[in-house]
Asks: 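Can you keep this structure in mind? I'll have questions shortly.
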Amino acid sequence: MATITLPDIELSDCNLDTMPMLAKLRTQVMGSRAEVCVERARHITTYLRDLADPNEPQILRYAKAVRCFLSNKAPRFFDGNLLAGTTTSKRFGAPVYPELTGLTIWPELDTMSTREKNPQKLTPEEAEELNLRIFPYWMDRSVLEVTRHRFGNTEAMDLMARIVFFIGSKAGTISHTVPWYRVAMEQGLDWIIAQAAAKEHVLRAQNRSENADAIAFYQAVQEALTGLITYAANLGRFAALLAASESDEDRKKQLQIMADVCGQVPAGAARNFREAINALWLLQVGIHAESINMAMSPGRLDQVLYPWYRRDIDGGNLTVKEALELVGCLWLKLNDNTNLVPETAEELFGGSGTVPAVTLGGIDCDGEDAVNDLTYVMLRATELLKTRDPSVNARYHRGKNRREYVRRVAEVVANTKAVPAFYNDLVAIRTLENQGVATEHARDYAIIGCVELAASGRSYDASSSIILNLVSALELALFGGKRPVTGDDQIGPATGDPSTFTAFEDFWRAFETQLAWVIGRAIELNEQMGHVHQDVMPTPFLSSLFQGPMDKGKDLIFGGALYNSSGATHVGFADTVDSLNAIEQAIFVDRTCTFGELLDALKTDFQNAEKLHAYLVFKTPKFGTDHPAAARNAQRLVDFLYATYQSHTNYRGGKYRPAFWTMTNHAGQGKLAGALPNGRKAHRVFASGITPASQAAGDLAACLHSVGSLDYRHIPGGVAFNLKYPALEGDEDLDRFVGAIDGYFQAGGLHIQFNLMSYETLIDAKARPEAYPDLLVRVSGYSAYFRDLNEAMKDEIITRTAYSLREGQAVAFPVDHRDLLPFD
Amino acid sequence: MLDIRPLTEFFESEMTEGFLELLLKMMRLTFQFDEKFRRNIEGFKGRYLFRSRDGQLTVSTVFANGEMEVGEDLIDAPNITITFKDDKALMGFLLAPRPDILGAVLRQDVVLKGNLNYLYKFAYMAKRLQLMATCQA
């Protein structure tokens, strides 16, 4: 257990006025425009196409390609940041991963610089390079197309192509994990390379053919890590050159320090806090040379970096302010890259960052309070910078963490209006233990990307493998295996005409049949793409930073980690549950209408069925209200998904883990779905994550209790529960705010995050985006700048129920804007 | 200098009928006369099959040996088959300023079967031709 030595945990003396360097860097970051960077694609492609030995194992060829890229990667120093290293060759770059979905921007090479929504600048020269020299090589080699070639145009592939059932994310990413940086920082990459070489030597001496894969793995680790060492050395040399010609004495000194830092790390052990934090950043850069920049999460940085911080502070070699500046520099570095997004995907996913999640607080492996001085330094950096990334998450153990800690986190939420998110340690640890994670590893959990749980550096969770639309299964059940949006095609099994059903159980069975069928197709495709990843994109660099692969001689993608799983998250939870509630209540309890009448109303989007619509909206049970039927149906759906997914074992030997976080998919998928039995009109957004439908749950305590009462052992992938308060004003509000979190966690809730802004503010921000350039909002897991979101997503955040903390009730939604509501 | 005025007039009009035939014809001509544009198909092998949903129209396009051939028969082993509802749907899918790809796929206005990367390349070439025709390239 760490002792808090800070005299002021708020660090109120440290602000952007007293730290002008951070203020300037922040201004530069916020003003940067995204640019496409082809540097990685150029070197990886050139190596694999022109230089690779086709007789070598793919893992070795790919590692050499990564080494080639890192060795040739240009050293860049764009600004006055104290940390050396950049993800791309641009100040704010979107790297191209042609192995995955990079080729989707091909049609836009001439236009993406000027497109209306979130343009990404691409020079004509780089566009030509992509068009003529890079993309042609990958036409038959991307993960999706190799999968198609190997397994054919399967039913699962066709279903994904229709967009509205599920997304098999492996075509675009695995990443989504929390590496174990500590060994690389404590010992240095040279030490890991020596370990790999020694293990390779032992296996070679055995002269056994079954050792071939492990030998190739250890060789690949050495190759990939050597690439990063070369890059750091190049950075160091270039920093020294810049220092020699720098006239500003302060900058000259910083460049000289960076040259020294790069001379030590990541090859050698970090000797002080600055070397440790720069080593960590360079490792993050190195990982992205190999794996796409999606939710590669640094983890518990207040724990990982604490030994260096404590040693330097105690030794008088570092001040708290200097530490805060370095943490701030890391936060801003984590914003130096973004995802490459084609225009069409902007409609569904626009506005997200790369979501590198940082996790703070909670308890340590021994079960003791882990909050330390560095926790507060990182909270202060988050509070001051208010940047989209990193996605900061605060763990909270109600029995171990002090009141002052949770209150301080609450203050940061109040000041940023959105971050950090809160996690309930008791529930998260129990959930991971239920998945077979050892207690000491479960206690060391960290958040991946949006909200997913990881046993830091020990579990490879591929937590975004499947994004499945629950409403698709609901509609298939309603229409006998068809969906209105996909016309007359028989998509799912023919489960019968619901108007012939005589009991609610009949509909449940039809729904479960359709849901299991969609899940089956999604898993089938995920397995196929997983095997293709094993052959096409092994990850020796990343593997060397985990517990397991170095002992087993096995890459993460082949199951090298201590724990393995695949995540499947679900869109439309509350709308599906409320629709099930409505069907039960309206047709089989109240007998307000027949199933046929309900289906007719859905087909016409409730035209000429106003009375039935009003009944469905206002008189049927809603998730989030503590209504027993709603609670029963919600838990039943959770349990069904859990049982279905856990019955499958993935290609790495792990279980599938259901989750409920939706990024912006609930807005995009909502736009593509018809009217629903809960009264939601056609083409309106769904509710986010595990959050009750907008305006459906009016009582705050009931809402917290209802969401908190789900059995989270059955949601091991994590949830996003989004709550909105118009404002927090004064100590009493802060007490109520913390009290509400306590109550929710006492009920058993896992996660909660906030937007502290009124309906009026958000409506105005939509109308006048120029007046709110930095308005940070929580979407459904990650943070985004409100201005960057698509219109549907803005509407969803606007219409989320806002609660008055003082009255514990929903605030009335502005009458003039009721047309934004999903049911109006 | 290739005269691409027919394409320019087409893009600037509200017409969509005959879009595919004109696009492929102009693309083929441009490959012949524009050295820079021709670089798009140097070393490229690709087999495309375009079919209207009503079966009235079948157009194949084969890229090989630096040339583009257009036919009206079915071809074996296309890299991608693009089945479209009508010319308007196809034109909107390929060339609209903000292409409604989601809508086109959902409505089954355009159905794709095969390697999507070949479509992306074709869409790039079509877009470039459009930009050339409208003096934006």
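Hydrogens, waters and symmetry mates are skipped; everything else that's a heavy atom, side chains included, is used. Per chain, numbering begins at 1; letters A, B, ... match sequence-line order.
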Asks: Does A:Arg787, at its CZ atom, have more than 12 non-hydrogen atoms belonging to other residues, nucleotides or ligands within less than 6.0 Å?
Replies: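 More than 12 heavy atoms, drawn from other residues, nucleotides or ligands, come within 6.0 Å of this atom.
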Asks: For B:Lys45, is it the side chain, the backbone, both or neither that has a heavy atom under 4.5 Å from a heavy atom of chain A?
Replies: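 Neither part; nothing is under 4.5 Å.
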Asks: Please indicate whether B:Asn65 has more than 12 foreign heavy atoms, meaning atoms of other residues, nucleotides or ligands, lying under 6.0 Å from its CG.
Replies: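 Open: at most 12 neighbouring heavy atoms sit under 6.0 Å from CG of B:Asn65.
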Asks: What part of B:Leu119 is in contact with chain A, defined as an atom under 4.5 angstrom from a non-hydrogen atom: side chain, backbone, both or neither?
Replies: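 Contact with chain A: none, neither part.
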Asks: Side chain, backbone, both or neither: which part of A:Leu132 has a non-hydrogen atom closer than 4.5 Å to chain B?
Replies: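 For A:Leu132, the side chain is the part near chain B, not the backbone.
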Asks: Is there side-chain contact between B:Lys121 and A:Phe135, with heavy atoms separated by less than 4.5 Å?
Replies: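 No - every pair of side-chain heavy atoms lies 4.5 Å or more apart.
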Asks: Heavy-atom count around B:Asp76 CG within 6.0 Å, excluding the residue itself: above 12?
Replies: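 No - once you tally the heavy atoms of other residues, nucleotides and ligands closer than 6.0 Å, there are 12 at most.
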Asks: Ignoring hydrogens and angles, state whether a donor on the side chain of A:Asn131 or B:Asn40 is under 3.5 Å from an acceptor on the partner side chain.
Replies: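 Distance-only check passes for A:Asn131 and B:Asn40.
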Asks: Between OH of B:Tyr118 and CH2 of A:Trp106, what distance do you get to the nearest 0.5 Å?
Replies: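 Answer for the OH-CH2 pair, B:Tyr118 versus A:Trp106, is 9.0 Å.
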Asks: To the nearest 0.5 Å, tell me how far A:Leu144 CG sits from B:Asn117 CG.
Replies: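 It comes to 7.5 Å.
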Asks: For B:Leu116 versus A:Arg148, what's the shortest heavy-atom pair and its separation?
Replies: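 Looking at all heavy atoms of both residues, the closest pair is CG-NH2, 3.7 Å.
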Asks: Any chance NZ of A:Lys681 has more than 12 other-residue heavy atoms, nucleotides or ligands included, within less than 6.0 Å?
Replies: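 Yes, NZ of A:Lys681 has more than 12 neighbouring heavy atoms, counting only those of other groups under 6.0 Å.
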Asks: Would you mind telling me which of A:Leu109, A:Leu130, A:Thr111 makes a side-chain contact (heavy atoms from CB on, under 4.5 Å) with B:Tyr124?
Replies: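 Exactly one candidate clears the test, A:Leu109.
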Asks: At their closest point, which heavy atom of A:Thr104 faces which heavy atom of B:Tyr120, and how far apart are they?
Replies: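 Shortest heavy-atom separation between A:Thr104 and B:Tyr120 comes out as CG2-OH, 3.5 Å.
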Asks: Top residue by heavy-atom pair count (under 4.5 Å) with chain B, among A:Ile105, A:Asp140, A:Asn153?
Replies: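 Top count of heavy-atom pairs under 4.5 Å with chain B: A:Asp140.
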Asks: As a quick check of understanding, evaluate salt bridge (charged side-chain N to carboxylate O under 4.0 Å, His left out) for A:Asp110 and B:Arg128, giving each step before the final call.
Replies: CA-CA 7 Å; A:Asp110 287 328; B:Arg128 172 131 280 249; 2.8 Å; yes
Asks: Chain A heavy atoms under 4.5 Å from B:Phe44: which part of the residue, side chain, backbone, both or neither?
Replies: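 Side chain only.
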Asks: Is the closest basic N to carboxylate O distance between A:Glu108 and B:Lys127 below 4.0 Å?
Replies: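 Answer for the salt bridge query: no.
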Asks: Can you establish whether the number of heavy atoms outside B:Glu69 located under 6.0 Å from its atom CD is more than 12?
Replies: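 Atom CD in B:Glu69 is not packed in, count stays at 12 or less.
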